[in-house]
> 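Let me begin by handing over the structure; questions about it come next.
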Amino acid sequence: MDDGGAFVERFETAGRADGPLSGLRFAAKDLFDVEGRVTGGGNPDWARMQAPAEAHAWAVARLLEAGATLIGKTVTDEVSLGLLGENAFDGTPVNPRAPGRVPGGSSSGSASAVAQGLCEIALGTDTGGSVRTPASFCGLYGIRPTHGRLPLQGMMAQAPSSDTTGWFADDADIFAGVCAAMFGEGPGGALPAKVLIAEDVFALAAPEVRAALLPKARALAGLIGETREGPLSPSGLPAWARAQRNLQMAEAWETFRPWVEAETPRFSYLVARTLMFASAVPAAELPTSRLIRDEARGRLAALTETAVIVMPTTPDPAPLAGAPLADKDRARDRINANCAVGGLAGHPQVSLPLGEVDGLPVGLSVIGARGADMSLAALAMRAKEAGL
């Protein structure tokens, strides 16, 4: 069966027959343990060192218990270190919504599988943007949950202070149903009656993205209440991006250093370069980066106490696959500036497939207070019902 390069392994594990998600199929990024199978992590030398998992990851078990059927494991950027979705060993999954362009990473295969209609749901992970970016590029619903709310048991770690489990769906009602199953509560909960349109994030976006999403942001705000425009980051998005990059890379190096130093594994050039950067993050920069993280957390807590934040999920549509290195670096830098708020602040963020630029999807994100994940899922359904 042609899967557009989305899967590393196909199999079927049936979910509970009478669960709320019965009849739906899901895939799991190859960072999640599946009992009896190796978690490959997108790198052959990592896979070679792993024994078959003794139990399902928490997120996999949760969806099976809810009735969904697992149909396989999907491609990931090597050891989750990527945002574009190109893997030198497993290939680049297709982006059916933007042919010839990347699907986004590192949850590339999961987004591709849902966008192709191979399954209704797929698990991904999001540390620095790895669900939000492919959700935007592939025109899907995607969530980065409140950091620390869901167990990460059986999910391969990268940077624990930012790691989250996330998921994709192509339908707002299915998306909300998955959220209900994962969080153990029904869609709903009161949202603040105000909306902040993040003017600095819109300013970073390409002009055509801004033109496509700003009317959608204002229409979405009209479903909630009072609207105002203002900055997300008082110190500037590049400062937040640098802080998140420093903290995430320092933690990633601590995670992978024992393996790298003991095994000298094979990597693509880009991932090897990322790990070299991670190993060289100056210790003197970390205290300032932590202070900026404190600022971001305080800023988001204050804003989301009275408002929902609305912003572009990514500043651009999906780049061309196989682009020159300089273009890839530029794309990643812009995505990092856009997505840094997730890892720094840890608030729930849902990407809604509401925008299009020359036929290419771009997502519009909503960010709520910590723990308001289900309210954002309910807002996704309201947006669908309103025809946005």
> Kindly list each side-chain donor-acceptor pair under 3.5 angstrom involving residues 294-304, sequence neighbours excluded, with atom names and distances?
from	atom 1	to	atom 2	distance (Å)
E295	OE1	S235	OG	2.9
E295	OE1	W240	NE1	3.1
R297	NE	L344	O	3.0
R299	NE	L232	O	3.0
R299	NH2	P231	O	2.5
T304	OG1	L300	O	2.7

> Nearest 0.5 Å, please: how far is SG in C339 from CD in Q244?
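The SG atom of C339 is 10.0 Å from CD of Q244, to the nearest 0.5 Å.
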
> Sort out for me which residue in L213, V195, L379 forms a side-chain contact (heavy atoms from CB on, under 4.5 Å) with L220.
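Result: among L213, V195, L379, L379 is the only option passing the side-chain contact (heavy atoms from CB on, under 4.5 Å) with L220.
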
> Under the rule for ring pair (Phe, Tyr, Trp, His ring centres under 6.0 Å), what residues qualify as partners of F7, not counting sequence neighbours?
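Partners of F7 by the ring pair (Phe, Tyr, Trp, His ring centres under 6.0 Å) criterion come out as none, since no residue qualifies.
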
> Can you name the closest pair of heavy atoms from A53 and V34 and give their distance?
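For A53 and V34, the tightest heavy-atom pair comes out as CB-O, 3.5 Å.
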
> Around atom CG of D358, are there more than 12 heavy atoms of other residues, nucleotides or ligands at under 6.0 Å?
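No.
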
> Quick one: are the ring centres of W167 and F183 less than 6.0 Å apart?
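They qualify: ring centres under 6.0 Å apart.
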
> Looking only at side chains, do S80 and S106 share a donor and an acceptor under 3.5 Å apart?
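Distance-only check fails for S80 and S106.
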
> Could you check whether D126 and T164, counting side-chain N and O atoms only, form a donor-acceptor pair closer than 3.5 Å?
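No, no side-chain donor-acceptor pair sits under 3.5 Å.
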
> Which pairs, with at least one residue in residues 102-150 and sequence neighbours excluded, count as a ring pair (Phe, Tyr, Trp, His ring centres under 6.0 Å)?
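Matches after skipping sequence neighbours: Y141-F175.
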
> Under a 4.0 Å N-O cut-off, is there an ion pair linking E86 with K328?
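Looking at E86 and K328, the cut-off is met.
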
> Between Q349 and S365, is any side-chain donor less than 3.5 angstrom from a side-chain acceptor?
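Per modelled atom types, Q349 and S365 side chains form a pair under 3.5 Å.
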
> Compare every heavy atom of D77 with every heavy atom of S108, then report the nearest pair and how far apart it is.
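Taking every non-hydrogen atom into account, OG-OD1, 4.0 Å.
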
> Among S107, S110, S130, exactly one meets side-chain hydrogen bond (donor to acceptor under 3.5 Å, both in side chains) together with K29. Which residue is that?
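Testing K29 for a side-chain hydrogen bond (donor to acceptor under 3.5 Å, both in side chains) against S107, S110, S130 leaves exactly one candidate, S107.
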
> Identify whether the distance between the nearest side-chain nitrogen and carboxylate oxygen of R48 and D45 falls below 4.0 Å.
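Answer for the salt bridge query: yes.
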
> Using the salt bridge (Lys or Arg N to Asp or Glu O under 4.0 Å) rule, collect all pairs that involve residues 51-65, keeping only residues at least two apart or in two chains.
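Every pair satisfying salt bridge (Lys or Arg N to Asp or Glu O under 4.0 Å) with a residue in residues 51-65: R16-E65.
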
> Output the distance between atom CZ (F26) and atom SG (C119), rounded to the nearest 0.5 Å.
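The CZ atom of F26 sits 9.5 Å away from the SG atom of C119.
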
> Show, in sequence, the C-alpha distance, side-chain angles and deciding distance for D173 and M381, and conclude whether the side chain to side chain contact (heavy atoms under 4.5 Å, CB included) test is met.
CA-CA 6 Å; D173 295 315; M381 291 194 294; 3.4 Å; yes

> Does a side-chain N-to-carboxylate-O contact under 4.0 Å join R332 and D329?
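Yes, charged N to carboxylate O under 4.0 Å.
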
> Consider side-chain contact (heavy atoms from CB on, under 4.5 Å). Of V94, T133, L84, T92, which one does P103 pass it with?
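Testing each of V94, T133, L84, T92 against P103, the sole residue satisfying side-chain contact (heavy atoms from CB on, under 4.5 Å) is T92.
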
> Are any of the side-chain nitrogens in E185 or R149 under 4.0 Å away from the carboxylate oxygens of its partner?
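Salt bridge between E185 and R149, a charged N being under 4.0 Å from a carboxylate O: yes.
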
> Applying a strict under-4.5 Å side-chain criterion to I, L, V, M, F, W and Y, I'd like to know whether V75 and W46 cluster together.
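As far as the 4.5 Å side-chain criterion goes, W46 and V75 are not connected within one cluster.
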
> If I take atom CZ from residue R37 and atom CG from residue D30, how far apart are they, to the nearest 0.5 angstrom?
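It is 11.0 Å, given to the nearest 0.5 Å.
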
> Any side-chain hydrogen bond (donor to acceptor under 3.5 Å, both in side chains) pairs touching residues 189-210, not counting sequence neighbours?
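Not a single pair qualifies under side-chain hydrogen bond (donor to acceptor under 3.5 Å, both in side chains).
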
> Could you work out, with ring pair (Phe, Tyr, Trp, His ring centres under 6.0 Å) as the rule, every residue matching F267, not counting sequence neighbours?
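Residues passing ring pair (Phe, Tyr, Trp, His ring centres under 6.0 Å) with F267: W259.
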
> State, without any angle test, whether D163 and Q158 hold a side-chain donor-acceptor pair at a distance under 3.5 Å.
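Side chains of D163 and Q158: no pair found under 3.5 Å.
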
